[in-house]
Amino acid sequence: MKKHLLLFFTISIATTSFGQSGTVGSPYTSIGQARNVTTAGFYFFNLNGNPFNTYVDDNGYVQIIRDFGTATGDLPTTSSFPSTNTRGILPTAALSNMNNIKEVRISTTTGNTDFYSTDATMISR
């Protein structure tokens, strides 16, 4: 059975969505807008001109990396996680625009949380 490594984080500031819906035509312009997500799914962001789409769970956790336990080699940089089968990490430009990280969570597809930290410096490329 493959084990998937997922990295999610959430931020500490409460924000409003300013009319953006996280769709391709109306992407979120702040990572904090993910806190308003109540339905898990794939959402679009454009942070300071750095567009990407990724999975956000129904608690507002934003996926920034996905790896598979049996995969080999470096993680490819991707600005799109179009499905749960895509392996990669968001580009440095997108990651550098993610401020106010409150917590880091690493989990598996079994739903177990293997690691949890409130140390925001855990996010580093």
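Reckoned from all heavy atoms, side chains included, excluding hydrogens, waters and symmetry mates. Just so we're clear, the structure is a prediction, and the values are computed from it rather than from any experiment.
Counting only heavy atoms from C-beta outward, the side chains of Val37 and Tyr28 approach each other to under 4.5 Å.
Looking at Thr54, its side chain never comes within 3.5 Å of a backbone N or O of Ile64 through a donor-acceptor pair.
Partners of Thr23 according to the side-chain hydrogen bond (donor to acceptor under 3.5 Å, both in side chains) rule, which considers only residues two or more places apart in sequence or in another chain, are Ser21. For Asn48, the side-chain hydrogen bond (donor to acceptor under 3.5 Å, both in side chains) partners two or more places apart in sequence, or in a different chain, are Asn97. Contacts of Phe44 classified as side chain to side chain contact (heavy atoms under 4.5 Å, CB included), with partners at least two apart in sequence or in another chain: Val24, Pro27, Asn53.
Taken to the nearest 0.5 Å, the CD1 atom of Ile65 stands 10.0 Å off from the OG1 atom of Thr77. Note that CG of Leu90 and CG of Asn50 are 10.5 Å apart. Values are rounded to the nearest 0.5 Å. Taken to the nearest 0.5 Å, the CZ atom of Arg87 stands 12.0 Å off from the OG1 atom of Thr78. Taken from CD1 in Ile89 to CZ in Arg66, the straight-line distance is 13.5 Å, to the nearest 0.5 Å.
Among Val62, Asn36, Thr39, the single residue meeting the side-chain contact (heavy atoms from CB on, under 4.5 Å) criterion with Val56 is Val62.
The aromatic rings of Tyr55 and Phe42 lie perpendicular to each other, with more than 60° between the two planes, well past the 30° mark.
More than 12 heavy atoms of other residues, nucleotides or ligands sit less than 6.0 Å from atom CG of Asp58.
The shortest heavy-atom contact between Pro51 and Ser79 is O-CB, 3.7 Å.
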